[in-house]
Asker: 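One structure, as structure tokens, below. Some questions next.
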Amino acid sequence: MSTITTPRQDADGDGEAITQRRRSRQHLLSRGALYVAAIVLAVWVLLPIYLISVVAFSTNDAVYEYPRQLIPSGVSAETVTFFINATGVQAAFWRSVLVAVTSLILSTLIGAPAGYAIARFAFRGRDAFRILVLSTRAFPIVILSIPLAVTFINWGIYDSIFSVALMHTALALPFTILITSSIFVSVPRDLEEAAQTLGCTPLMAFVRVVLPLALPGLAAAAIFTFVLSWNEVFAAVILTVRERTLPALVLSSLNASPAPFRFAAGFTMLVPSLIIIFIIRRYLLGLWGRVSR
Amino acid sequence: MADIHLDAVTKIFGKQVRAVDRVELTIADQEFMVLLGPSGCGKTTLMRMIAGLEYPDGGRIRIGGRDVTDLPPRKRPIAMVFQSYAVFPHLTVADNISFGLRMRHTPKADIRRRVEEVAGLVQLGPYLERFPAQLSGGQRQRVAVARAVVMEPDVLLMDEPLSNLDALLRLTFRAELKRLVAELKTTTIYVTHDQVEALSLGDRIAVMREGRIIQVDAPMAVYDRPVNEFVGGFIGNPPMNYLRGRIERDGGTARVMIGEHALPVPPEARPDTAGDVLVGIRAEHVTASDRAVAGAIEARTEVVEPLGPQLLVTALVGDQRIKLLTHPDFAIQPDQPIWLQPDPGKLRWFDTGTREAIVPSV
């Protein structure tokens with residue numbers, strides 16, 4: 001690196017060398033800024049996760065310790081066990097998983113074909129449809145939830161995980177549709193047509209050529225839905241009373257619960273999202289690495 | 001046996017645009033037909049209708065005597081090579097080539113034998129287990145050709161298959177492709193906007209413009225006897241020269257005048273008309289001299305471009321520009337006078353109004 005120079009060398013160097021040095025210094029600066037930004041962001045995300053994890057696995061006493069120790073003094077499953085065995089937590093956990101999986105399946109089944117249609121077919125009102133799809137997100141969830149709660153009561157599906165799954169599907173759909181449409185656009189139409197000249201029906205061409213290529217993107221959209229549903233709390237609180245999902249249960253009992261319970265709850269909320277993202281992320285990278293040019 | 005009959009085939013985009021306009025074309029079995037035209041002339045749309053990827057708004061398409069107009073691509077005896085190659089990125093070379101055979105439920109042993117055979121034919125043997133991302137552009141192009149050829153189609157459709165390759169590869173592949181298709185004896189339709197490709201590959205060339213076929217003939221016939229000014233200008237590099245001329249008749253004798261110069265033309269090579277004409281002549285059919293020659297047109301040299309095997313000279317006849325190809329050793333400098341002798345037998349005549357060729361009646 002030529003950044004360390006004596007003044008004399010600077011004086012001797014011709015104009016070109018100076019501009020070059022200046023350019024490389026600018027380069028270093030912008031790289032440095034990039035790293036700093038990345039580190040700040042990483043700490044911003046990782047520190048709370050770390051703190052929650054540490055406290056969640058500390059002994060009950062250590063939770064109340066002040067000042068907080070960054071390095072845990074003793075590891076104990078006491079807090080987490082306490083949380084997991086608290087009334088209703090396990091049931092709520094499985095309800096949350098079920099709601100998230102149902103939303104994921106529903107939103108993919110409805111959203112992916114819609115995305116495909118937007119990507120492939122020029123139909124009347126396509127642009128209007130694209131905006132309309134987004135407009136569901138223009139209303140606050142509160143405004144959507146109350147009438148929905150009334151409707152669900154009328155239909156007799158209020159206070160069921162299915163109704164929450166429907167709500168989460170509706171919330172996820174705009175993103176699913178827009179994400180999948182951009183994925184399908186990125187799969188060249190030529191490939192589908194080539195498959196059709198090689199003996200495929202349009203459906204077979206989709207299954208054998210488009211789907212494998214779109215899978216990483218579809219998986220990304222699915223992860224997004226899962227995480228959205230897993231973390232969504234407002235609609236879940238309004239639409240359920242006894243059949244609470246985990247976030248809804250935690251939120252409603254937060255004020256009344258001791259600190260260890262809160263940290264353990266936070267940790268339990270965090271883990272499934274992380275695991276899923278890690279699993280599918282590796283799969284994503286694998287497929288993309290192979291597919292992309 | 002797969003001859004192709006196109007009967008008044010029409011495709012309309014939107015409400016007004018006739019992309020393909022009542023095209024009539026018969027392609028013989030085992031013939032190599034090139035569809036040639038500038039971009040937007042409808043040649044690709046025509047091919048896509050033959051493939052079944054586009055449904056015609058009018059007319060019928062018959063392949064081997066069978067009307068295929070209403071059949072989807074998979075039920076037509078065709079295979080197609082796409083301009084973008086359209087190689088499946090998630091499949092290995094072997095799986096790409098065998099894709100169509102697997103869709104047909106060909107026995108596994110047969111598939112392996114035929115894939116290896118075809119891969120050998122296009123020199124892909126060592127790459128069968130690779131993914132397209134690990135191949136060069138040229139190799140991907142071979143995969144696309146192999147994938148089509150392995151189907152043993154009655155009709156092979158190729159949509160500008162060489163246009164994405166660099167100049168050197170294109171030259172190599174052109175010869176390879178010609179050899180391959182000659183070996184296979186498949187009826188082939190080849191779309192291109194490159195007149196050199198068309199001349200070098202085709203048994204016949206169909207020149208298209210604005211959705212219509214304007215001339216179908218053997219390559220050299222299209223080159224030598226263009227039916228109108230457009231064809232002469234589109235085919236050949238440099239394009240055919242066009243000079244404004246006049247046929248003056250005085251009793252029984254007639255003279256062809258280019259500006260002030262009389263052009264010696266034997267009566268059998270001359271149209272029977274009188275008045276203004278457009279005289280067409282190819283650059284290689286003009287003999288140039290740096291000294292005055294009796295009967296030659298005097299012109300002024302404007303630009304001299306050495307091309308290697310030839311010298312491309314641009315000269316001015318009065319205010320009209322003419323390009324000619326000479327021997328590379330011809331010593332001529334810009335601004336020098338130059339004397340031009342067009343080969344009278346190679347002159348072509350065009351109507352100044354319609355721009356259509358006027359054929360001498362003999």
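Worth knowing before you read on, the calculation uses all heavy atoms, side chains too, and leaves out hydrogens, waters and symmetry mates. Residue numbers begin at 1 in each chain, while the letters A, B, ... track the order of the sequences.
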Asker: Quick check for you: to the nearest 0.5 Å, what is the distance between B:R48 atom CZ and A:E193 atom CD?
Answerer: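 Result: 4.0 Å between the selected atoms.
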
Asker: What are the two closest non-hydrogen atoms of A:L191 and B:P89, and how far apart are they?
Answerer: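 Minimum heavy-atom separation between A:L191 and B:P89: CD1-CD, 3.8 Å.
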
Asker: Give a yes or no on this: more than 12 heavy atoms of other residues, nucleotides or ligands lie within 6.0 Å of atom OH of B:Y55.
Answerer: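 Yes, enclosed.
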
Asker: Go through it in stages, so that I can follow the logic: the residues are B:F82 and A:T197, the test is side-chain contact (heavy atoms from CB on, under 4.5 Å), and I'd like the CA-CA distance, side-chain angles, deciding distance and then a yes or no.
Answerer: CA-CA 11 Å; B:F82 289 75; A:T197 62; 4.3 Å; yes

Asker: Can you measure from CE (B:M103) to CG (A:L198) and round to the nearest 0.5 angstrom?
Answerer: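 The CE atom of B:M103 sits 9.0 Å away from the CG atom of A:L198.
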
Asker: Could you check whether atom CZ of A:F234 has more than 12 heavy atoms from other residues, nucleotides or ligands sitting under 6.0 Å from it?
Answerer: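 Check fails, neighbour count at 12 or below.
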
Asker: Might you point out which heavy atoms bring A:P202 and B:R74 nearest each other, and give the distance in Å?
Answerer: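 In terms of heavy atoms, the two residues are closest at CD-NH1, 4.1 Å.
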
Asker: Which bit of B:R147 comes within less than 4.5 Å of chain A, counting heavy atoms only: side chain, backbone, both or neither?
Answerer: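 Both the backbone and the side chain of B:R147 come within 4.5 Å of chain A.
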
Asker: Under 6.0 Å from the OH atom of A:Y35, do we count more than 12 heavy atoms belonging to anything else shown?
Answerer: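 No.
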
Asker: Near B:R114 CZ, under 6.0 Å, is it more than 12 heavy atoms from other residues, nucleotides or ligands?
Answerer: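 Yes, because the 6.0 Å sphere around CZ of B:R114 holds more than 12 heavy atoms from other groups.
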
Asker: Should A:V209 and B:F99 count as side-chain neighbours, where that means a heavy-atom distance under 4.5 Å?
Answerer: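 Yes. Closest side-chain heavy atoms under 4.5 Å.
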
Asker: For the CZ atom of A:R208 and the CZ atom of B:F88, what is their distance to the nearest 0.5 Å?
Answerer: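 Answer rounded to 0.5 Å: 10.0 Å.
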
Asker: Out of A:A205, A:P188, A:A195, which one racks up the most heavy-atom pairs below 4.5 Å with chain B?
Answerer: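 Looking at each option in turn, the highest pair count goes to A:A195.
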
Asker: Under 4.5 Å heavy-atom distance to chain A, tell me which part of B:V81 shows up: side chain, backbone, both or neither.
Answerer: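 Contact with chain A involves no heavy atom of B:V81 at all.
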
Asker: Count the heavy atoms belonging to other residues, nucleotides or ligands that lie under 6.0 Å from CG of B:L168, then report whether that count exceeds 12.
Answerer: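 No, the 6.0 Å shell around CG holds no more than 12 heavy atoms from other groups.
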
